[in-house]
Number of protein chains: 2
Amino acid sequence: MTQADTRELRYFIAVAEERHFARAAARLGIAQPPLTRTIQKLERGMGVRLLERDSRGVRLTEAGTVLLREGRVALERVGAATRRAQRAGRTPATLVLAVKPGGDGGLLTEILAAHAAEPDAPDVDIVCVGAGEQAAAVRDGRADVALLHRPDADLTGLDREDLLVESQVALLPPHHRLSGHARIRVADLEDDPLPRWPDTAGELSGAGIREAGRLMQLILVGRLIAVGPESVRRYAWDGVACVPVVDAAPTTLALAWPEDSRSRAVSAFARVATAVASRHRDATVHEPGP
Amino acid sequence: MTQADTRELRYFIAVAEERHFARAAARLGIAQPPLTRTIQKLERGMGVRLLERDSRGVRLTEAGTVLLREGRVALERVGAATRRAQRAGRTPATLVLAVKPGGDGGLLTEILAAHAAEPDAPDVDIVCVGAGEQAAAVRDGRADVALLHRPDADLTGLDREDLLVESQVALLPPHHRLSGHARIRVADLEDDPLPRWPDTAGELSGAGIREAGRLMQLILVGRLIAVGPESVRRYAWDGVACVPVVDAAPTTLALAWPEDSRSRAVSAFARVATAVASRHRDATVHEPGP
DNA sequence: CTGGGTCATACCCCGAAGGTATCAGCGGTG
DNA sequence: CACCGCTGATACCTTCGGGGTATGACCCAG
């Protein structure tokens with residue numbers, strides 16, 4: 001025996017993450033002794049020491065570090081496989097699209113309409129996920145395709161089609177020193193006293209915000225500034241200033257799907273989406289907005 | 001319960017591939033009834049019908065088709081995770097490189113020497129695999145990196161670094177009508193009566209050849225012609241003609257590794273390999289061969 | 001109708017996953 | 001130093017489910 005099974009992997013990951021058998025057991029909903037035994041059996045089966053234990057806890061060996069990293073993605077693939085199969089079995093056929101609220105570049109309604117007009121197009125289910133989770137949703141099988149922004153999103157394991165290049169705007173509180181400006185530069189924000197979303201590192205206020213309303217709220221009360229693609233304009237609350245950041249690297253709205261799943265439904269959707277996007281590009285070129 | 005475990009997946013894949021419970025059971029080394037029960041339990045757990053059975057066999061449902069495809073890669077990931085962890089635990093650290101015999105573009109010895117000269121470089125194990133299997137070896141965790149040729153190899157799930165662009169040569173039997181030519185074109189081979197490797201479709205003689213000696217043998221006796229990168233010249237048997245194909249799309253020798261595993265050892269090896277390759281490129285530019 | 005093929009069901013056995021109680025090491029602290 | 005409190009490991013029991021054999025239900029060909 002050498003191939004770990006999912007139970008052993010789940011158990012090992014729990015211990016490796018908690019670095020503590022009893023806590024891991026609690027998290028798994030089992031008692032500590034069987035957990036200890038399972039890990040021992042896993043180590044024996046693999047012929048490798050995964051954890052260094054002593055009386056005050058657990059450390060990962062080199063092999064354990066690798067198995068934690070690799071095991072996570074392996075388990076994710078197993079989960080994705082079952083979820084995708086489950087969805088494929090549900091009738092009628094449905095395409096699940098993951099989007100971040102407000103992260104559609106203003107194209108979504110148009111894309112959906114165009115797609116629905118196609119002959120025998122499957123229904124499209126929309127799943128709203130937190131910022132930055134669209135790719136994960138596709139990877140773990142909750143969704144078939146995602147609308148997301150490059151290069152913010154991590155696209156490992158995904159294929160993509162670019163739809164739209166968007167310049168960036170800063171969202172500023174009403175009385176911010178820059179909120180009156182017609183345009184600003186990245187450097188202007190550099191030494192701003194307010195933390196900046198989305199690259200607020202660590203546990204500063206607003207680090208893990210994944211909901212637009214909460215973000216707007218924090219900006220409005222002057223606790224945060226944010227930078228995002230142009231299309232967020234239409235979701236900005238009244239009072240929040242939207243100022244173009246002229247020299248920020250533009251962000252690209254893209255459609256992404258699992259790299260190995262070239263299903264007909266996904267291809268068709270991608271084709272429609274790119275068509276809509278290119279129409280949209282032409283339109284903005286010919287009749288620029290106010 | 002919704003997450004299939006590896007045993008269920010393995011069993012399902014066997015049945016789906018054999019399209020026959022008894023044969024699948026034999027392949028798995030178990031009896032047919034427990035296999036039936038396991039599949040039933042899997043279907044119940046997932047809430048989806050995977051197989052359509054009747055008294056003369058098994059067909060896949062839509063969901064079953066998806067699970068077969070996705071389940072295969074999921075299982076592969078699980079196997080890769082355990083194998084990589086096992087190797088990470090073996091001391092001393094070893095880097096495993098997958099190559100096809102003769103598929104190293106003549107760089108391998110030089111790369112190995114340069115790598116060995118690096119401070120605290122891990123030992124390099126060389127694994128020879130059949131043609132076109134290098135990528136699979138990396139994916140399933142048997143190897144850490146691979147030398148392979150683009151675009152022949154399927155690189156899904158892998159990152160790469162290009163080393164060398166090679167033009168293509170045709171390997172022809174001694175008395176072939178084109179073997180005297182100094183150079184030929186793709187069109188010249190178009191309607192050749194002999195089957196051509198590696199794109200011989202189906203089960204024609206020599207379709208699945210993965211060993212250079214056997215290939216040379218078949219060419220020498222006039223049963224096959226082959227097209228490959230320039231560097232195969234040095235492995236061609238005496239009598240086999242090597243004729244440049246001037247308008248064939250060049251092939252690129254690349255180093256590939258798993259897209260998510262950015263281990264220090266792999267990065268270091270890649271750096272050395274690209275350095276050697278670029279030295280090699282410069283050398284051939286400055287003093288072209290005879 | 002019978003025979004040979006399919007997958008499903010019935011029933012039994014045993015291994016292993018899970019639980020409880022307890023042990024064994026180690027590090028603080030009075 | 002003794003003791004407590006924390007860690008993971010061990011012993012022992014129960015139970016559940018994976019595996020086996022025998023057989024059934026069904027379909028098709030002759």
Side-chain angles (χ1 to χ4, degrees), chain A residues 1-61 63-65 67-68 71 75 78 82, chain B residues 1-61 63-65 67-68 71 75 78 82:
Chain A
M1 179 281 219
T2 179
Q3 162 120 326
D5 82 355
T6 58
R7 190 184 63 98
E8 294 173 322
L9 273 185
R10 257 186 12 249
Y11 284 15
F12 169 74
I13 289 171
V15 176
E17 284 178 351
E18 300 286 348
R19 284 178 166 67
H20 195 283
F21 276 79
R23 273 201 303 275
R27 181 173 123 188
L28 292 166
I30 65 170
Q32 170 257 317
L35 180 56
T36 292
R37 262 183 289 130
T38 301
I39 301 293
Q40 287 172 335
K41 191 181 141 213
L42 175 62
E43 290 182 320
R44 241 178 309 120
M46 292 181 55
V48 170
R49 193 137 198 83
L50 299 169
L51 302 171
E52 216 57 71
R53 309 95 147 136
D54 64 17
S55 64
R56 73 187 157 291
V58 167
R59 281 178 313 285
L60 291 175
T61 63
T65 310
L67 189 63
L68 176 57
L75 270 194
V78 172
T82 70
Chain B
M1 182 280 217
T2 179
Q3 163 120 324
D5 82 358
T6 59
R7 189 184 62 97
E8 294 172 322
L9 273 185
R10 255 184 17 249
Y11 284 15
F12 169 74
I13 289 172
V15 176
E17 284 179 352
E18 300 287 346
R19 285 180 166 67
H20 194 282
F21 275 80
R23 273 200 303 274
R27 183 172 122 190
L28 292 166
I30 64 171
Q32 169 256 316
L35 180 56
T36 293
R37 262 183 289 131
T38 300
I39 302 294
Q40 287 172 335
K41 191 181 141 212
L42 175 62
E43 289 181 321
R44 242 179 310 120
M46 293 182 55
V48 171
R49 193 138 197 83
L50 299 169
L51 302 170
E52 215 57 69
R53 307 98 145 137
D54 63 19
S55 64
R56 72 187 155 291
V58 167
R59 282 178 313 285
L60 290 175
T61 63
T65 310
L67 189 63
L68 175 57
L75 269 195
V78 172
T82 71

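Chain A is the first sequence line, chain B the second, and so forth, proteins listed ahead of strands; every chain is numbered from 1.
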Could you write out each protein N or O paired with an N or O of nucleotides 25-30 of chain C at a distance under 3.5 Å?
residue	atom	partner	partner atom	Å
C/dC26	O4'	A/Ser55	OG	2.9

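In this structure, A/Arg53 places its CZ atom 19 Å from P of C/dA24, rounding to the nearest Å. The separation between B/Lys41 atom NZ and C/dA8 atom P is 16 Å, rounded to whole Å. At whole-Å resolution of the value, CD in B/Gln40 and P in C/dC7 are 12 Å apart. Straight-line distance from the CG atom of B/Leu51 to the P atom of C/dC7: 10 Å, rounded to whole Å. B/His20 has its NE2 atom 10 Å from the P atom of C/dG5, to the nearest Å. Rounded to whole angstrom, the span from the CD atom of A/Glu8 across to the P atom of C/dG18 amounts to 10 Å.
To the nearest 0.5 Å, atom CG of residue A/Leu51 and atom CD1 of residue A/Ile39 are 6.0 Å apart. We find the CD-CZ distance between A/Gln40 and A/Arg49 to be 8.5 Å, quoted to the nearest 0.5 Å.
The two atoms that bring A/Leu35 and A/Ala25 nearest to each other are CD2-N, 3.5 Å, heavy atoms only. Shortest non-hydrogen contact noted between B/Thr82 and A/Met46 is O-CE, 3.5 Å. In terms of heavy-atom proximity, A/Ala4 sits nearest to B/Val78 at O-CG1, 3.3 Å.
Neither OP1 nor OP2 of C/dG18 sits under 4.0 Å from any side-chain N or O of A/Gln32. Residue A/Arg7 places no side-chain N or O under 4.0 Å from the OP1 or OP2 atom of C/dA16.
With contacts defined as side-chain heavy-atom distances shorter than 4.5 Å, the pair A/Asp5/B/Arg7 does not qualify. Residues B/Tyr11 and B/Leu42 form no side-chain contact, since every pair of their non-hydrogen atoms from C-beta on lies 4.5 Å or further apart. Proximity of A/Arg19 to A/Leu60: side-chain heavy atoms (C-beta onward) are separated by under 4.5 Å at one or more points.
Comparing A/Ile30 and B/Arg37 by the nucleotide of DNA chain C that holds the closest heavy atom to each, the one mapping nearer the 5' end is B/Arg37. The 5' end of DNA chain C is approached more closely, in terms of each residue's nearest nucleotide, by B/Arg19 than by the other of B/Arg19 and A/Leu35.
The closest donor-acceptor contact from the side chain of A/Glu52 to the backbone of A/Thr61 lies at 3.5 Å or more, if one exists at all.
If you walk DNA chain D from 5' to 3' and mark each nucleotide with an atom closer than 4.0 Å to a heavy atom of chain B, the marks span D/dG18 to D/dC28.
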